[in-house]
Every structure is written in structure tokens, then in C-alpha cells.
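Everything on this sheet refers to the single structure shown next.
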Amino acid sequence: MLVMKFGGSILRSASDYEEIAEYLQEFVNTERAVVVVSAMRGITDQLINLGEYAARGDEFRVKGLLSSIREKHEEVCQQLGLSCKLLNEELERLEKITIGITYIGEITPGLRDLIASIGENLSGGILSELLQKRGIRSRFFTGGEAGIVTDDSYGEAHPLMKATRVYVRSNLLPILEDTVPVVAGFSGLSQEGKVTTLGRGGSDLTAVLLGSSLEVREVWLWSDVDGMLTADPKIVKDARLIKQISYREAIELAHFGAKRMHPRFLEPAIATNTPIRIRNFFNRDCSGTLISSREVIREEGVVKAVGLRKDVAILTVRGAGMVGRPGTAAKLFSILGENRINIMMISQSISESDISVVVERDNAERARGIIEARLLGPIYREVLLDRNCAVLAAIGAGMRGTPGVAARVFDAVSSRGINVKMIAQGSSEVNISFVVDEGDGEEAVRAIHSEFSLGKAD
Ligand code: ASP
Ligand code: MG
């Protein structure tokens, strides 16, 4: 048995649903499948905006968005010749909720999630009815109906694994013999019975949760990319598909890929050792990237991929008074945390007289202002901001215990005349991250890619 998730990038029109249904019709002749769907491309963004317009009481924009969402889905339904019963119910619900919010002029985190979750219900309703029309027994489930239980951190809810496993098994196993369940990705149900969402890109997490709970053979995540690559092909000409990668490496690499991935989508798979495969629905001859517990070490060296993130800045807090004073780093981090500024990378030298953090450039000025206002004084003397930076990461599990990898990475970069501004390596040694001037970022990627012959087949 497999779980297959179809991402928003491949759900654009009636013909996409048709192609998926046709594929599934053939597939289920040979193996059982649980299907997970995302919302149609762009719909989740529109639903999130819809909630915001409603909260501001902007009736004009609310009505405009509602009718464009309705038209888009009705068109697909009609082209596919479906009854659109579920679709109409969901659209009506969406309209009632958002019009209500518009009149009240106030929204809650729970309502935001309720609205955002509807995109997947619309999409799943279409696919499930289409399968039935083709003579396949199918039933639609919301995330909660399938058994996904979460805490109540709306917008980024955490699945409760034990409960989810029990409910998913009892809800889905009995029908799997003769029915193809189509499950809405992205949403779950809190213990109080409220709809929650798992965070952007959360349909991947839904698929992995179901796969791990049902102990399937593999979970396939279908989208429009072949899989994980050794580097961004726009930067490196001979960037190559990675055929096999371990969970830990994939988690590191997911931060850099072209495809938006949920930061914790692999967690449930690690617990049950469930293999995940990233595949391209428009290139089905390609077997994609297999993510499993297996760590393959390449002959050319232990680095497997190199990632680049532009638009970041280094913020450095300096002060001799920080030396040997416990709690200084904690204070800095908690102030940034309270203000919802995400820290991407941290480094402190042994002298403890300065701490540098990497943040997104969009947050950098605000972060500096907050730190200056809250911390400057006799202990923290100075805040420096280096605005134009890029982070690189050389990723590969084999770095652990292999001497000389860091030397090769930095030699390769410096031999191209590139200055390294900041370095961090976690003690797990799956990843060496460093910061360079933004203008040097792409050249540094090419330097590492060629040093470790990443363009050469495994
Ligand atoms: N539709 C949701 C999003 O756009 C979840 C997903 O597609 O994975 O974030
Ligand atoms: Mg998606």
C-alpha cells in the first residue's frame, strides 16, 4: 500500500485532475492507495487574504475573492462533468463564514485556519467525485475525519502522533479493501474538535502522517519537480538529481529547495522508518528522490548537495561585558523570539565578546532597532548589521567523523577569492553553513559543487 500526495503545483485545471484520476485508476489495479490532495495552485494564498480582508471589514474585496474562488472551482467541476455537491456545500460554508467575519470586523486564529483549510476540501471533493465517476469506489475525508489530531497552535499546529495513529488506523484501515480514500491535506482537528492547519506546505506532512500511521510501503509526494537536486540548476549547469538521501540530509536540504516544503514533514517518517519519494507527475519515468534511513556515502567525498539562501543579514551584538556572563545569549534570543524574528544561524567565538546571528534581510532593521532599544547599555555595547549576505550550506551525512571536509569546503571557496564572514556547524556534522557577501553566493556554490564533483553520478 502507498500514500500518494498531489501538490498544488500540479492542480491547476480540469485536465490536471483528469490526468491524476486516470493515473490512479490504473495504479489501484495493482496496489492499494491512500490519496492526499493540496488545494489548487494559489488558492491557499487567496483564502488567507480572504480572511484578512474580512477581518478589516472590506466587503468589496471579500466578495470579489469569493466569486473568483467559486468560479475557478465551478469551472473545473463543470468541465469534468461532476455534480459538485460537496463543492457547493463547502463554498457556501466559506461564504457564510467570511461574510459573517466581514460584518463583525474581527477574526480569530481558529477562524483563519478554518478558512484556509477549505481549499483542500474543495480540491479533494473534486478528485474523489471524479474517481467515483470513473467507477472507483472513493470517499472524501477532511484531515480531521481521516484521524489527524493536533494541538491547538493554530496556523502551525503540531500533530499528536499517538492519537493520530490510533484514529487514522481505525478510520481508514476498515475501508481500504475496496475504497480509495481522498484526504484533504494541510488540516487536522484539535482535541477540542476545532479545525487546525499544520503550517504552509502542510499537505506533505499530512501524507507522511498517514503513511507512517498505516505503515505503508512508501509515501509518494507528487509535484512538478524531479526531486532534490545537488544544487540550484539555475546556478550550476551540471546540477543533478539526488536519487537517495537520508532523512537527516533531506531535512537540511529541504530549507534550500525550489519546492516549498514543510520544515517538519519528515518527523513522523523517521519514527516508523517509512520511505518517502519525491516525484514529478509530469515526468513519471523518473523515479525521483528516495528519502529513507539509508546513508549513501559517495566516493568523491562526503558532501552531497550545496544550498544557497540569499536575502539574509548578519546581526552582531558586541560588548566586553558579555564575557563569562551566563544568560547573555539567552536574553538576545528571547527578545528576537518574542518579536517573531526567526534566527537562521548562530555563532559565538570562545572569547564570548560577540554573538552573531543570521536573520532574513526583511527583518534585519527591525531586529536591530529592537535590540538597540532593549539591550544596549554597559553589557551590550554595540549592534552591527551587515545587510547584504547569503548563507551557503554544504550538506552530507558522511561529514561526521571525516576529517578535512571543512578544509576542502573553505579552500574551494577561498581559491575563488571569496571571503567567508561567519561559520556554523552543528555537532551532528550533517551540514557546514557559512555566510558570504551576497554577490559571491553563486560563485561559492559553483566552487563547492565542483570541488566535490557533485555533477558526477553516484
Ligand atoms: N495548501 C497548503 C499551502 O499552500 C498546504 C500545501 O499545499 O501543502 O501551504
Ligand atoms: Mg503545496
Side-chain angles (χ1 to χ4, degrees), residues 3-13 16-17 20 34-52 65 68-69 72-73 76 87 90-91 94 109-128 140-146 148 150 153-159 164 182-189 195-212 219-225 227-228 250-251 254-255 257-269 276-282 291:
V3 171
M4 288 200 197
K5 174 247 171 180
F6 297 90
S9 63
I10 54 172
L11 297 169
R12 303 157 307 179
S13 64
D16 289 333
Y17 285 92
I20 290 168
V34 174
V35 175
V36 175
V37 281
S38 283
M40 288 187 76
R41 185 158 81 180
I43 291 295
T44 306
D45 289 329
Q46 287 183 27
L47 289 168
I48 290 169
N49 291 337
L50 182 62
E52 292 322 303
L65 259 181
S68 90
I69 292 170
K72 181 163 184 173
H73 289 90
V76 171
L87 189 88
E90 285 294 311
L91 285 169
L94 177 67
L111 286 169
R112 279 200 184 94
D113 275 21
L114 185 59
I115 294 173
S117 73
I118 290 178
E120 269 70 10
N121 297 352
L122 298 170
S123 175
I126 295 175
L127 185 60
S128 183
F140 170 74
F141 293 78
T142 64
E145 286 165 354
I148 292 176
T150 72
S153 358
Y154 293 110
E156 196 73 45
H158 296 277
T164 296
V182 174
V183 181
F186 191 39
S187 69
L189 218 50
V195 173
T196 55
T197 62
L198 304 171
R200 296 309 302 271
S203 298
D204 289 332
L205 179 55
T206 303
V208 176
L209 276 167
L210 298 181
S212 148
V219 175
W220 291 358
L221 304 174
W222 289 108
S223 71
D224 62 350
V225 297
M228 293 181 142
I251 289 171
H255 292 286
K259 176 173 148 37
R260 181 176 206 157
M261 301 200 92
H262 191 280
R264 291 179 307 279
F265 80 105
L266 286 170
E267 257 170 43
I276 313 295
R277 197 182 282 278
I278 300 180
R279 298 196 61 183
N280 186 348
F281 192 67
F282 302 128
I291 309 172

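By convention here, the first residue in the shown sequence is residue 1. Start at 1 and go down the list; that is how both ligands and their atoms are numbered.
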Considering all heavy atoms, the nearest Y154-V195 contact: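 Smallest interatomic distance, heavy atoms only, reads CE2-O, 3.5 Å.
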Those atoms of ligand 1 less than 4.0 Å from some heavy atom in R200: 3 (C), 4 (O), 9 (O)
Proximal atoms of ligand 1 relative to S38 (non-hydrogen, under 4.0 Å): 6 (C), 7 (O), 8 (O)
F281 and D224, any side-chain heavy atoms less than 4.5 Å apart: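 Contact flag for D224/F281 side chains = no.
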S128 side chain to V182 backbone, donor-acceptor under 3.5 Å: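 No, the answer is negative, given that no donor and acceptor are paired below the 3.5 Å cut-off.
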Sub-4.0 Å heavy-atom approach of G119 to ligand 1: no
Non-hydrogen atom of G201 closer than 4.0 Å to ligand 1: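 It does, in that a heavy atom of G201 comes within the 4.0 Å cut-off of ligand 1.
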Test of proximity, K5 against ligand 1: N or O pairs below 3.5 Å: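 Checking ligand 1 against K5, no N or O pair falls under 3.5 Å apart.
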Within-cut-off N or O pair, D204 and ligand 1, under 3.5 Å: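 The answer is no, given that D204 and ligand 1 share no N or O pair closer than 3.5 Å.
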S117 and S187: CA distance, side-chain angles, deciding distance, side-chain hydrogen bond (donor to acceptor under 3.5 Å, both in side chains) verdict: CA-CA 6 Å; S117 73; S187 69; 5.2 Å; no
R200 bridged to D45 by N-O distance under 4.0 Å: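 Yes, charged N to carboxylate O under 4.0 Å.
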Check ion pair R112-E52 (N to O, under 4.0 angstrom):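 Result for this pair is yes, salt bridge flagged.
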G42, S203, A207: member with heavy atom nearest to atom 6 (C) of ligand 1: S203
Part of E120 within contact of ligand 1 (heavy atoms, under 4.0 Å): side chain
